Amino acid sequence: MKRVKKLKILKNLYTLKLLGFDYVEDFNIDEKKISLSNNKLPDDLNSLNNIVQNCHLCQLSKTRKRVVFGEGNPNANLLFIGEGPGANEDATGRPFVGRAGELLTKVIENVLFIKREDIYIANIVKCRPPNNRVPNDEEVDACLPYLLKQIEIIKPKLIVTLGATAYKNLTGDITPISKIRGELLEFNGIKLIPTFHPSFLLRNPSAKKFAFLDMKKIKSLM
Ligand code: URA
């Protein structure tokens with residue numbers, strides 16, 4: 001059975017469980033009827049968050065402490081997307097609160113001159129991959145519909161992907177981040193600019209000048 005199909009079936013079973021079902025009869029699976037869209041998810045962030053908090057669609061749910069749904073202004077014009085929670089985010093349930101988060105917050109407030117609470121911050125996966133490894137395809141496939149729904153609800157004017165994992169998994173484009181960063185692109189009719197991940201900038205301070213140029217471009221678009 002195809003992975004995506006399995007995940008869709010599992011997701012339907014979890015929805016039924018949330019609705020109070022303990023048992024469902026055997027059912028026929030008509031592949032054509034299994035929609036790949038995320039339109040079964042609720043159209044408001046609070047209800048979506050409730051579902052995500054109870055998600056067990058991938059193995060990351062077994063090792064997470066907290067689900068990190070994302071936070072910020074639900075009507076934000078600007079949406080930042082990272083890779084996935086690290087240890088601090090797993091402990092607090094909030095995105096970008098560790099060292100990388102401190103750098104991101106500084107950039108948002110001191111380069112873009114926007115308050116952190118006025119934008120929205122989310123991740124490709126909502127649960128911490130053990131030892132901060134890159135999330136695998138199965139984990140991303142299971143989690144991406146939540147992010148797509150967040151984008152649909154928030155309707156940002158501009159998306160900024162942070163690092164290769166966020167860019168590649170959102171857009172499907174495998175162009176290296178060093179080549180594509182700072183380009184003004186489009187995702188589902190929304191402007192998108194990929195830039196470096198703040199963790200990369202902490203390890204490679206010489207790349208900060210490029211991230212600064214990207215932020216200036218973002219500022220000019222706001
Ligand atoms: N790195 C990420 O990609 N996301 C976080 O929330 C924290 C660190």
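A quick note: this is a predicted structure, and the numbers were derived from the prediction, not measured. For this chain, numbers begin at 1 and follow the sequence in order. Atoms within each ligand, like the ligands themselves, are counted from 1 in listed order.
- No donor-acceptor pair under 3.5 Å is formed between the side chain of N73 and the backbone N or O of Y120.
- Interface atoms of ligand 1 facing E83, defined by a heavy-atom separation under 4.0 Å, are 2 (C), 3 (O).
- Of the listed residues (Q53, Q150, E89), just one forms a side-chain hydrogen bond (donor to acceptor under 3.5 Å, both in side chains) with K126, and that residue is Q150.
- Looking at E89 next to ligand 1, no N or O pair under 3.5 Å apart turns up.
- Using a 4.0 Å cut-off between charged nitrogen and carboxylate oxygen, E102 and R99 do not count as a salt-bridge pair.
- A salt bridge does not link K168 with D173: every distance from a Lys NZ or Arg NE/NH1/NH2 to an Asp or Glu carboxylate oxygen is 4.0 Å or more.
- N136 places a side-chain N or O within donor-acceptor distance of the main-chain N or O of E138, the cut-off being under 3.5 Å.
- Within ligand 1, the atoms closer than 4.0 Å to a non-hydrogen atom of P95 are 6 (O), numbered from 1 in the order shown.
- Which of V68, N123, L162, L104 comes nearest to atom 4 (N) of ligand 1 through a heavy atom is settled by distance: it is N123.
- Regarding atom 8 (C) of ligand 1, its nearest protein heavy-atom neighbour is F96 CE2, 3.7 Å.
- Remark: minimum distance from atom 2 (C) of ligand 1 to any protein heavy atom is reached at G84 O, 3.1 Å.
- Taking every heavy atom of G82 and a limit of under 4.0 angstrom, the matching atoms of ligand 1 come to 3 (O).
- Two rings, from H197 and Y167, have their centers 6.0 Å or more apart.
- Under a 4.0 angstrom heavy-atom cut-off, R94 registers as lying outside contact with ligand 1.
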